[in-house]
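For reference, the structure is listed below as C-alpha cells.
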Amino acid sequence: MGKLKTIARRTFLIGSAAIAGGVAFGVYKVRQDPANPLLENAKSGEAVFNPWVMIDGERITLITPHTDLGQGAESMQAALIAEELDVEFGQFETRFGVPAAAYWNTAMAGDAAPFKSTDDSFTAETTRAFMSGLFKVIGMQGTGGSSSVPDSFDKLRMAGAVARETLKAAVAQNWDVSVDDLKTEKGAVIMPDGTALNYTEIAALAAEMEPVEEVVLRDPSEWRLIGSQMRRTDIVGKSTGTLKYGIDVDVGGMVHATVKVNPRRGVMNSYDAGEAEKMSGVLKILPVTNGVAVVAENTWYAFKAAEAITCDWGPSPYPAEQSDHWKAVADSFTDDRLDKVWRKDGDPDAGLSGDVVEAAYHAPYLAHAPLEPLNAVVKVTEEGADIWVSHQIPRIVQQQVAAITGHDTAQVKLHGQYAGGSFGHRLEFENVKLAAEIANQMRGTPVKLTYSREEDFAHDYPRQISMARGRGAVKDGKVETYDLSIASVSSSASQIGRIGMPMPGPDSQIPAGAWNLPYAVPNFRVSAYRVPELAPTSSWRSVGASSAGFFADSFLDELIHAAGADPLEERLRLCTHDLARKVLEAVGEMSGWGGDLGPDRGRGVAFVNSFGVPCAEVVEVTNTPGGIKIDKVFIAAEVGTVIDPVAFDNQVKGGVVWALGHAMNCEVTYSDGVAEQSNYHAYEAMRMYQCPEIEVRGLENGDTVRGVGEPPVPPAAAALGNAIFAATGKRLREMPFNKHIDFV
Amino acid sequence: MKITVNGEMHDVAVAPDMPLLWVLRDELKLTGTKYGCGIAQCGACTVHIDGVAVRSCQMPVGDLEGEVTTIEGLGQPQVLHAVQAAWVEHQVAQCGYCQSGQIMAAASFLDTNPDPTDADIDRVMSANLCRCGTYPRIREAVKTAAASLRGA
Amino acid sequence: MRRLITVTGLLLSGAALASDGHGLVIKTPPVGSVSRTDGLQAWEKIHAVVSHPRCVNCHTDEQNLPMWSGPEYADVRPHGMNIHAGESRIGAETLTCQTCHVTSTRPNTVPRAAPHTGMEWRLAPAEFLWFGVDGRTICEQIRDPERNGGRDGAGLVEHITHDAEKKGFITWGFDPGAGREPAPGGMQAHLDDMIVWVAAEMPCPE
C-alpha cells in the first residue's frame with residue numbers, strides 16, 4: 001500500500017471507530033473524517049498512529065487536545081492513552097496539539113440534547129447521536145460541560161491500543177514472530193525470549209506499517225493506571241513556578257499591551273490620551289473596538305498609562321441599574337415568555353387547589369474571575385497570524401482572529417497554553433480579538449495583551465441572572481404537588497450569539513438540574529421562562545444548574561419541612577432513579593444522618609443531577625454568635641468510573657468550595673451600566689478559614705463514565721441553605737446568603 | 001537601581017514606583033511570581049524580602065531594602081524546598097496559578113513557626129486566594145511541610 | 001502642674017517655627033492664655049480625628065483584630081482574610097502586617113490597595129483603645145501616661161511632629177489617598193489643636 005493511502009487510513013481510524021453503531025442521521029457527512037493534524041509535519045521515521053500518538057526514534061509524544069484549565073485534563077488524557085499503550089508516566093511527553101476538527105468533542109453535545117441523562121429512550125439516544133454529528137460537522141474542539149472525560153474515555157484508550165497493536169505488528173513482521181507471542185510493557189514490545197524492544201527503537205518500522213484496525217479495549221480488571229493514584233504531569237511545574245501559563249508567554253521582540261474598553265459594553269464616543277502619551281515606557285496608543293489600547297515597554301507602564309486615558313463612553317445596551325435587571329426577570333413569568341414546560345407529571349393545577357406553600361428565589365449574576373487575568377499574545381504578519389493563548393474553543397478563536405486579520409483560518413496558528421483557571425471564562429474570546437486588533441495595527445511585532453484585574457471583572461460575561469417561583473402542596477406527611485417556574489436569561493443563546501450562530505429551540509440550561517429531579521412527586525411541573533437578553537451572559541461552572549439546582553432542591557426541602565417529613569427519608573421515598581438513590585444513601589451514611597448534632601447546629605441535604613452525574617451533599621453548620629460557621633460537607637457523586645482518585649477528590653472539593661463561597665458572598669451588580677465589583681475585595685468567595693472539612697466519595701455503579709468538574713456545584717448552595725434552615729429556622733431564598741445572614 | 005534576586009544582583013532601569021512584581025515578571029523574566037489582583041487581595045505575587053513574605057505588587061522597587069527570593073529561588077524541580085515537596089506529595093495544585101504565592105507564604109511562616117496549630121495555618125493562609133478551592137490540600141501540605149522541616 | 005510647665009517649656013523652646021523634617025509650624029500660645037473652654041473645644045476637634053475610621057480601625061482591643069469600618073465598607077467588620085495581628089500587634093505570630101502593608105513614603109495612589117506609610121504597619125497598643133469607645137474614655141486614655149505610651153503633653157505634641165517627619169500613620173490619616181475618606185482637618189490643624197489642648201491642661205468632657 002502506498003504512503004498516501006496509509007496516511008488516509010491513519011486519519012480515518014479513530015473517528016470511524018468512535019461513532020460506530022449509533023448514528024442514523026447525517027451519516028454520510030459525519031463519516032468524512034477530519035484530517036489528522038499530526039500528519040502535516042510528520043517526518044520520515046516518525047510513526048503517527050492517529051491524532052493522539054506519535055513516536056519517533058527519541059520520544060513518545062501524546063497529544064492531549066482538551067484544554068488544561070487546572071482540572072487535570074492533560075494528565076487524564078495522557079493516562080487513558082498510556083493505559084492501553086503500556087507506557088508509564090515519565091516515559092512520554094505531552095503536547096496540547098493544534099486545534100483541529102479531528103479533536104471534535106463527541107460528549108459535549110450529549111448534554112446539550114434536551115433529554116434527561118437518565119432517559120435511555122430511542123428518541124433520546126437518536127437525538128444525542130444527531131447532536132454529536134452536528135457538533136462534529138462544526139468541528140468543535142471544545143473543553144467544557146464536564147465533557148473531557150466522557151469524550152476521551154473510549155477514544156483515547158483506543159488511540160493507545162491502536163498504537164500498541166501497530167507496534168506489535170511491526171515487530172511481528174520484521175522479526176518473524178507471531179503477534180500473539182508478543183507482550184508490551186513500560187514502553188517496549190517484549191519478545192518471546194524476553195528481549196525488550198523500546199517503542200522508540202521500532203518507531204521507524206511502525207511508521208511504514210498500516211495501522212491495525214481492530215483492537216479490543218482491556219477489561220477494567222487489567223487496568224494499571226485507571227482507578228489508581230497518579231501524579232499529575234504538571235504538579236512539579238506548578239509547585240516550583242516553572243510551568244508557563246498563557247500570561248507568561250515570552251515571544252522574542254514582544255511588546256506589552258493593555259486595553260481600556262467601555263465597561264458598559266457600549267461604544268466609545270471619544271478619548272483623550274494626551275497625558276498617557278507622555279508617560280514613561282509608552283510606545284503607542286491605538287484604537288480598538290469600543291475602546292483604546294496602550295502598547296508599552298512593560299505591562300505596568302501600559303496599566304498606568306491606561307488609567308491616565310479619559311474616555312467618553314456610550315450607554316450600555318442593557319438596563320443601567322441592577323433593579324431594572326431584576327424587574328425584567330420578575331416580569332418574565334408570562335405566557336409569551338414561556339420557553340417550555342419541561343416536565344408535567346400528574347395534575348399540578350388540581351394539586352394546588354387547597355393549601356399552597358409558596359416561595360420565590362433569586363440567583364444573581366456571578367463573575368468567573370479565575371486568578372490568571374485574561375491575556376493573549378498575537379503576532380500578525382502578511383503570511384498569517386500566531387496566537388498564544390489558553391482557550392476552551394480554540395477553533396472558534398482561529399475563525400474570530402482570521403476575520404480581523406483578513407487571513408484564511410488555516411493561516412491562523414494557535415499555540416495552546418495552560419490556564420490559570422477558567423470556570424467558563426475562557427469560552428469567551430474578546431481578549432483574543434482585541435489582541436489581534438492591536439497586533440494587526442503593528443504587523444510583524446508580537447503583542448502581549450494583559451488585562452488588569454479590574455478590566456477582567458468589567459468584561460466578564462457573568463453567570464445568568466434568574467428567579468424561581470415555587471408552589472406546592474403536602475398531604476399526610478408527604479410531598480404531593482411540586483410546581484416550579486424558573487425565569488432566566490439564556491446564557492447559551494448569549495454565548496452562541498457571540499460566535500455568530502443561532503440557537504433554535506428552548507434553552508435546556510434554564511431548567512437544568514430542576515426538571516430532571518428523580519422524584520415521583522404525584523403532581524410535578526417544571527416550567528422555564530426566557531428573560532430577554534440583559535447583560536450578556538456566559539457559561540459559569542455548572543451553567544444553568546448552578547441556579548436552577550439551587551431553586552429546585554431548596555423548594556423541595558421547604559415542602560418536605562411543610563410535610564413534617566425527614567429531609568433525607570422523604571427524598572429517598574420519592575426517588576425513582578437507582579443511581580440517585582445510591583448517592584443519597586451514601587451521604588446519609590457518611591454524615592451519620594439522623595444523629596444528634598448538639599445545640600445550635602443543623603444539617604441539610606441536597607441532590608442535583610447535572611451533566612449526567614447524580615450528586616448528593618450534606619452540609620453541617622453551627623449558628624455561632626458571630627454568624628454561621630460551615631463545619632463539614634459530605635458529598636457523593638456517581639461518575640461510572642473514577643479515573644484518578646486524587647484528581648477526582650481535588651476536583652470535587654474544589655467544586656464544593658466554589659459553590660459555597662459564591663453562595664455565601666458573591667454577586668455582580670450593575671450601576672450606571674458598569675459592574676460594581678471591580679476586584680476581589682468586593683468578590684471574596686471562600687477563603688481558607690471558612691473552608692469546611694469535606695469528605696468525598698465517588699460511586700461507580702453506572703455504566704457511563706462522567707466528568708466531575710461541574711456536578712458538585714449545584715447541590716452545595718441548596719444543602720447550605722437547607723442546613724442553615726435546620727440550624728436557625730431561617731430559610732434563605734436569595735443568593736448571596738450574606739445579604740440575609742452573617743458567616744464566620 | 002540595583003536589586004538582588006535569588007542571590008543575583010541585577011541593575012534595572014525602571015521607574016522607582018514600579019511594583020517589584022512587574023520588575024520580576026517583565027524585566028527579569030521571573031514569571032513564577034504571578035499577577036492576580038494588584039491590590040494585595042490574592043497573594044499570588046508573594047515573594048520573600050530577607051525571608052519575610054511580601055506581596056510584590058505592593059512593593060515599589062525604589063523602596064526595596066533587602067534581598068528578594070522568588071519561587072524560582074526557593075527550590076527547583078530537582079531540588080525541592082520542603083514546602084514544595086509537600087505540595088507535590090499532596091498534589092495540591094489544580095490550575096496552580098495561586099500556588100507560587102501560597103508556597104512562598106507558607107515557607108516564610110514555617111521558618112518562624114515550625115509547629116503551627118490549625119488556627120495558625122488558617123490565619124496565615126487565608127490571605128492567599130485560591131479560586132480552584134484547593135484549601136483542604138493546602139492545609140494538609142502545610143502540616144506535612146512543617147513536620148518535614150522539624151525533622152519529624 | 002508639672003505637665004503644663006513641661007509643655008510650656010517645650011513650646012517656648014520650639015517657638016522658632018517649623019523644625020527640620022516635619023514641615024509643621026508650632027504656634028506657641030502665650031502662657032496662661034488658653035482657657036479650659038478653649039481646651040475642650042480643641043479636644044472636640046481632636047476627637048473628631050481620633051474617632052475617625054482612618055484611626056480607630058487600628059486602635060482596637062486585646063483581641064488584636066484590625067477592623068474595617070467607614071464609608072469604604074458596607075458593614076463594620078473585622079479586617080477580611082482572617083487577619084489577626086497577634087499579641088505582637090504586628091502579625092509576627094502568623095502573617096505580618098507588612099506582608100501587604102509595605103513601608104513606603106510614596107503617596108497611596110492605587111484604589112483598594114493595601115495602604116502604606118513611612119512607618120511599619122501595625123495595630124496601636126491595645127491600651128490605646130479607640131474603636132467603639134466614647135470620646136471621654138478616649139480623652140482620659142490619651143492624657144494618661146500609664147496608657148498612652150508614657151507621654152506627657154510635650155510627648156503628645158512630639159508624637160505628631162515625629163509622625164510628620166516619618167510620614168507615619170497620623171499623616172496618612174489626613175491624606176490616605178486612593179479614594180479613602182481622610183480624617184477631618186489636617187496635620188497642622190491637628191497639631192494646633194493638640195498644643196491648645198495640652199496648654200489647657202488636657203481637659204476632658206464631663
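Naming convention: chains lettered A, B, ... in sequence-line order (proteins, then strands); numbering from 1 in each chain.
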> Given A:R463 and A:V668, is the side-chain contact (heavy atoms from CB on, under 4.5 Å) satisfied, shown in steps?
Replying inline: CA-CA 9 Å; A:R463 191 267 300 267; A:V668 169; over 6 Å; no
> Passes side-chain contact (heavy atoms from CB on, under 4.5 Å), B:I121 versus A:M688? Steps please.
Replying inline: CA-CA 9 Å; B:I121 294 172; A:M688 189 191 277; 4.2 Å; yes
>> Apply side-chain contact (heavy atoms from CB on, under 4.5 Å) to residues A:E455 and A:T258 and explain how you reach the verdict.
In response: CA-CA 9 Å; A:E455 194 73 10; A:T258 198; 5.7 Å; no
>> Would A:Q392 and A:S422 count as a side chain to side chain donor-acceptor pair (under 3.5 Å) here? Give the steps.
In response: CA-CA 9 Å; A:Q392 294 180 247; A:S422 179; 2.6 Å; yes
> Between A:M664 and A:I630, does a side-chain contact (heavy atoms from CB on, under 4.5 Å) hold up when you go through it step by step?
Replying inline: CA-CA 10 Å; A:M664 281 160 57; A:I630 307 176; 3.8 Å; yes
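For a residue to count as touching a neighbouring chain, one of its non-hydrogen atoms must lie under 4.5 Å from one of that chain's; by this rule A:F423 touches chain B with the side chain only. With a 4.5 Å cut-off on non-hydrogen atoms, A:H256 touches chain B through its side chain but not through its backbone. Looking at A:A647, there are no atoms closer than 4.5 Å to chain B (heavy atoms on both sides), in backbone or side chain. For a residue to count as touching a neighbouring chain, one of its non-hydrogen atoms must lie under 4.5 Å from one of that chain's; by this rule A:T299 touches chain B with backbone and side chain alike. Residue A:E684 touches chain B through its backbone alone, counting heavy-atom pairs closer than 4.5 Å. With a threshold of 4.5 angstrom between heavy atoms, B:L21 does not approach chain A through any atom at all. Proximity to chain A is limited to the side chain of B:I103, based on heavy atoms less than 4.5 angstrom apart. With a 4.5 angstrom heavy-atom cutoff, A:S452 touches chain B via backbone and side-chain atoms both. Within the 4.5 angstrom heavy-atom criterion, no atom of A:L660 approaches chain B. Contacts of A:M279 with chain B are absent, with no heavy-atom separation under 4.5 Å from either backbone or side chain. When heavy atoms are compared at a cutoff of 4.5 Å, A:D248 approaches chain B by way of both its backbone and its side chain. Contacts between A:Y418 and chain B at a heavy-atom distance below 4.5 Å are absent for every atom of the residue. The parts of A:N298 that come within reach of chain B are both its backbone and its side chain, each placing non-hydrogen atoms under 4.5 angstrom from that chain. Only the backbone of B:A127 comes within less than 4.5 Å of a heavy atom in chain A; its side chain stays farther off. For B:V14, the parts sitting under 4.5 Å from any heavy atom of chain A are the backbone and the side chain alike.
Taking CG of B:D26 as the start and OG1 of A:T450 as the end, the distance is 7.5 Å to the nearest 0.5 Å. Atoms CD1 and CG, from B:I3 and B:L24 in turn, are 6.0 Å apart once rounded to the nearest 0.5 Å. Taken from CG in B:L74 to NE2 in B:H48, the straight-line distance is 6.0 Å, to the nearest 0.5 Å.
Interface remark: of the candidates A:G661, A:S280, A:A369, A:A685, A:A369 forms the most heavy-atom pairs closer than 4.5 Å to chain B. Highest contact tally toward chain A, considering only B:R139, B:Q99, B:Q76, is held by B:R139 [criterion: heavy-atom pairs under 4.5 Å]. Among B:Q102, B:E72, B:Q91, the residue with the largest count of heavy-atom pairs under 4.5 Å with chain A is B:Q91. Highest contact tally toward chain A, considering only B:C132, B:C130, B:G32, is held by B:C132 [criterion: heavy-atom pairs under 4.5 Å]. For the set A:K304, A:K448, A:K653, the count of heavy-atom pairs under 4.5 angstrom toward chain B peaks at A:K653. Counting heavy-atom pairs closer than 4.5 Å to chain B, the top-ranked of the candidates A:I694, A:D649, A:D68 is A:D649. Between chain A and the residues B:C98, B:P19, B:S100, B:P136, the largest count of heavy-atom pairs under 4.5 Å involves B:P19. With respect to chain B, the highest number of heavy-atom pairs below 4.5 Å among A:I247, A:L243, A:L371 belongs to A:L371. Comparing A:M230, A:Q71, A:Q690, A:Q229 by heavy-atom pairs within less than 4.5 Å of chain B, the highest count is held by A:M230. The candidate with the highest count of non-hydrogen atom pairs below 4.5 Å against chain B, out of A:E693, A:E454, A:Q651, A:E297, is A:Q651. Interface summary for chain A: among B:R123, B:R25, B:M125, the most heavy-atom pairs under 4.5 angstrom belong to B:R25. Interface check for chain A: of the options B:L129, B:T134, B:N128, the most heavy-atom pairs under 4.5 Å are formed by B:L129.
At a cut-off of 3.5 Å, with distance as the only test, no side-chain donor of B:D111 or B:S108 sits close to an acceptor on the other residue. Looking only at atom types and distance, the side chain of A:S148 has no donor-acceptor partner in the side chain of A:T143 under 3.5 Å away.
Of the charged side-chain nitrogens involved, at least one lies within less than 4.0 Å of a carboxylate oxygen, so that A:R426 and A:E372 count as a salt-bridged pair.
Atom NZ of B:K29 sits in a crowded spot, with more than 12 heavy atoms from other residues, nucleotides or ligands closer than 6.0 Å.
Between A:Y683 and A:D460 there is no side-chain heavy-atom pair separated by less than 4.5 Å. Here the side chains of B:C95 and A:P370 are not in contact, with every heavy-atom distance at 4.5 Å or above. Proximity of B:V88 to A:R231: side-chain heavy atoms (C-beta onward) are separated by under 4.5 Å at one or more points. With contacts defined as side-chain heavy-atom distances shorter than 4.5 Å, the pair B:T69/B:V47 does not qualify. Side-chain contact check for B:V142 versus B:I138: some heavy-atom pair is nearer than 4.5 Å.
The ring pair (Phe, Tyr, Trp, His ring centres under 6.0 Å) analysis of residues 75-118 of chain B, with sequence neighbours excluded, yields the pairs A:Y245-B:Y97.
By the 30° and 60° cut-offs, the orientation of the rings of A:W540 relative to A:W658 is tilted.
At a heavy-atom cut-off of under 4.5 Å, chain A is reached by B:K34, B:Y35, B:G36, B:C37, B:I39, B:Q41, B:C42, B:A44 from residues 34-44 of chain B, listed in order of number.
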